[in-house]
Visitor: 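Sharing a structure here in structure tokens format.
In this text, all values refer to a predicted model and were calculated from it rather than measured experimentally. Quick note: residue numbers are just sequence positions, from 1.
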Amino acid sequence: MTNYGVIIVGAGQAGCSAAVKLRNLGYDKPIALIGEEAHPPYQRPPLSKAYLLGKLPRDRLFLRPESFFDEHQVDLHLNQRVTDISVDDQTLVCDDQTLAFEHLVLATGSTPNRLPESIGGSLTGTYTIRGIADIDAIAPEFKQGRKVAIIGGGYIGLEVAAVAAKLDLDVTLIEAAPRILQRVASPETAKYFRELHDANNVRILEGTKIARVTGEGRADGVELANGDVVPADFVVLGIGITPNTALAETAGVTVENGIKTDALGRTSHPCIWAAGDCATFPHGNAQIRLESVGNAIDQAETVAENILGATKPYKAKPWFWSDQYHVKLQIAGLNAGYDQVVSREGDDGSYSVWNYCEGKLIATDAMNDPRAYMVAKRLIESGKSPHPEMVADRGTDLKSILKV
């Protein structure tokens, strides 16, 4: 049996960040990083953008060269799966090996949701977007003139639609909610992106429920709840993700919409920690879970510090981004609970949407407007809120807003 100071389960952004931070802080005990995929840790956001377009080679996805892990004495266990955890013994079973740990970090990520098999969710030609293997499988489908139906109008669905439109496919996107981006953006931001996709010949069906994916053996369309059928050569599912909590449950760790952690990143068991998409943490008066690269990095690094005894609470500073066509969207903050929205247009075609709750700035969506994003991010993180009329006034210099 091999003994480790820290074992990290999940070789994604969070898992890699925890391992690197431990070594950077001088941690000198053995570290194991275990991943189910055959690839070393890599970045996921470019998968549905540049990588799918064929503009980014695979080796550019990797967070570190594989030699880095050898040089920093991090045992990389790839293409391996953890099947059991014994909290009492502080051991886990990884394939046919038993490994012992002083600390265990669960960075198990999440799994894309699929439609039930009974309505065609498992037909050949239906795809989800999550890992390199998903993109390698779907990329050959993107041929000029073919028809694709995308189910789900969140950022993943819209990014895939943008790639498909760029490659001259016939694109239909179906969203069950009254509008695209219903859960994550204001109506103003949704309108901006709806018009952007309309200008690029993407057909968007909002407030439209589906009955099933049609086809015998292979998907050939999507039947809507009203009986209409959207023909398709293949179907992409962008209907959210589910945190991977099975291992935590096996270990008897508390799970509530993810692996529940305290402010330090520690789970209900003192030697087990969690970070990334799979983990919830205290934020204000709520326990939340964030699905973003920024959160995965920052939370994992905080966990690493606390394993070494820092007792440092994790304070999330949410930020996100999306690339669609020529537009780069940058988001600062969380817009949950907004009650006022202010829009600001720039002379150069830039556009930003500022979300307030009871007079407090809580989030900003900036489209091709990096200055608005940076100003808003600094304001939100410092707890400052410019008056909405000041933001809406195009004559107001953004830098002056920082002085409120």
Side-chain angles (χ1 to χ4, degrees), residues 8-24 31-72 74-81 105 107-112 127-142 150 154-164 166-167 236-238 241 243-244 275-278 290-301 304 319-331:
I8 303 165
V9 181
Q13 187 82 61
C16 182
S17 297
V20 172
K21 187 69 172 180
L22 283 166
R23 286 295 185 237
N24 287 345
I31 298 174
L33 181 58
I34 304 172
E36 291 189 3
E37 296 183 67
H39 311 287
Y42 62 88
Q43 48 183 330
R44 296 186 188 276
L47 292 175
S48 57
K49 309 174 188 76
Y51 187 69
L52 181 54
L53 271 170
K55 293 185 176 181
L56 186 72
R58 180 180 296 180
D59 59 3
R60 292 275 304 280
L61 291 172
F62 299 142
L63 296 169
R64 305 276 177 166
E66 200 159 348
S67 59
F68 171 90
F69 299 97
D70 289 333
E71 292 165 3
H72 290 77
V74 174
D75 289 350
L76 199 54
H77 299 257
L78 297 178
N79 210 22
Q80 297 190 34
R81 185 167 172 264
V105 179
T108 47
S110 56
T111 299
Y127 299 91
T128 56
I129 304 292
R130 187 62 180 169
I132 288 176
D134 296 325
I135 304 302
D136 290 347
I138 199 175
E141 302 273 16
F142 282 74
I150 301 168
Y155 287 119
I156 286 291
L158 292 172
E159 288 168 2
V160 173
V163 169
K166 280 185 177 182
L167 297 175
V236 180
L237 306 175
I241 63 175
N244 294 329
D277 284 5
C278 67
L290 291 180
E291 302 163 6
S292 76
V293 168
N295 174 69
I297 295 171
D298 295 344
Q299 191 178 21
E301 290 186 346
W319 58 271
F320 313 84
W321 82 91
S322 176
D323 293 322
Q324 298 172 45
Y325 308 105
H326 62 284
V327 175
K328 185 172 191 65
L329 166 67
Q330 295 170 286
I331 304 169

Visitor: Does any part of the side chain of C16, heavy atoms only, come nearer than 4.5 Å to the side chain of F69, both counted from C-beta?
Guide: yes
Visitor: Which heavy-atom pair separates G10 from L33 by the least distance, and what is that distance?
Guide: O-CD1, 3.5 Å
Visitor: What do the steps show when you test H39 against L61 for side-chain contact (heavy atoms from CB on, under 4.5 Å), and what is the final call?
Guide: CA-CA 10 Å; H39 311 287; L61 291 172; over 6 Å; no
Visitor: Heavy-atom distance under 4.5 Å between the side chains of E37 and L78, does that happen here?
Guide: no
Visitor: Please examine the side chains of S322 and L158, heavy atoms only from C-beta on, and report whether any two atoms are closer than 4.5 Å.
Guide: no
Visitor: Run R130 and T111 through side-chain contact (heavy atoms from CB on, under 4.5 Å) and show every step you take.
Guide: CA-CA 8 Å; R130 187 62 180 169; T111 299; over 6 Å; no
Visitor: If I compare all heavy atoms of S17 with all of E301, which pair ends up nearest, and what's the gap?
Guide: O-CG, 4.2 Å
Visitor: Which value, rounded to the nearest 0.5 Å, describes the distance between Y127 atom OH and L237 atom CG?
Guide: 11.0 Å
Visitor: Measure across A139 and L52 and return the closest heavy-atom pair with its distance rounded to 0.1 Å.
Guide: CA-CD1, 4.2 Å
Visitor: Could you tell me which non-hydrogen atom of A300 sits nearest to which non-hydrogen atom of A14, and how far apart they are?
Guide: CB-O, 3.1 Å
Visitor: Do you know the tightest heavy-atom contact between R64 and V20?
Guide: NH2-CG1, 3.6 Å
Visitor: Rounded to the nearest 0.5 Å, how far apart are CD1 of I8 and OG1 of T108?
Guide: 12.5 Å
Visitor: Nearest 0.5 Å please: distance from the CG atom of L53 over to the CD1 atom of I135.
Guide: 10.5 Å
Visitor: Would the distance check show the side chain of D70 and the main-chain N or O of S67 forming a donor-acceptor pair, the cut-off being under 3.5 Å?
Guide: no
Visitor: Does the Q299 side chain pair with the main chain of D277, one donor and one acceptor, at a distance under 3.5 Å?
Guide: no
Visitor: Does R58 have more than 12 heavy atoms from other residues, nucleotides or ligands lying within 6.0 Å of its CZ?
Guide: yes
Visitor: Report yes if some heavy atom in the side chain of Y155 is under 4.5 Å from a heavy atom in the side chain of Q324; otherwise report no.
Guide: yes
Visitor: I want to check something: taking the side chain as every heavy atom from C-beta on, are Q330 and W319 in contact at a cut-off of under 4.5 Å?
Guide: no
Visitor: Any side-chain heavy atom of F142 within less than 4.5 Å of one from V160?
Guide: yes
Visitor: Checking salt bridge (Lys or Arg N to Asp or Glu O under 4.0 Å) against E159, which of R44, K49, K166 comes through?
Guide: K49
Visitor: CZ of F68 to CG of L63: how many Å apart, nearest 0.5 Å?
Guide: 10.0 Å
Visitor: To the nearest 0.5 Å, what is the distance between CD on Q13 and CG on N295?
Guide: 11.0 Å
Visitor: Show your working on side-chain contact (heavy atoms from CB on, under 4.5 Å) between Y51 and V163 and close with a plain yes or no.
Guide: CA-CA 10 Å; Y51 187 69; V163 169; over 6 Å; no
Visitor: How close do P41 and L76 get, counting heavy atoms only, and between which atoms?
Guide: CD-CD1, 4.3 Å
Visitor: Quick one, I156 with V236, criterion side-chain contact (heavy atoms from CB on, under 4.5 Å). Give me CA distance, side-chain angles, the key distance, then yes/no.
Guide: CA-CA 10 Å; I156 286 291; V236 180; 5.8 Å; no
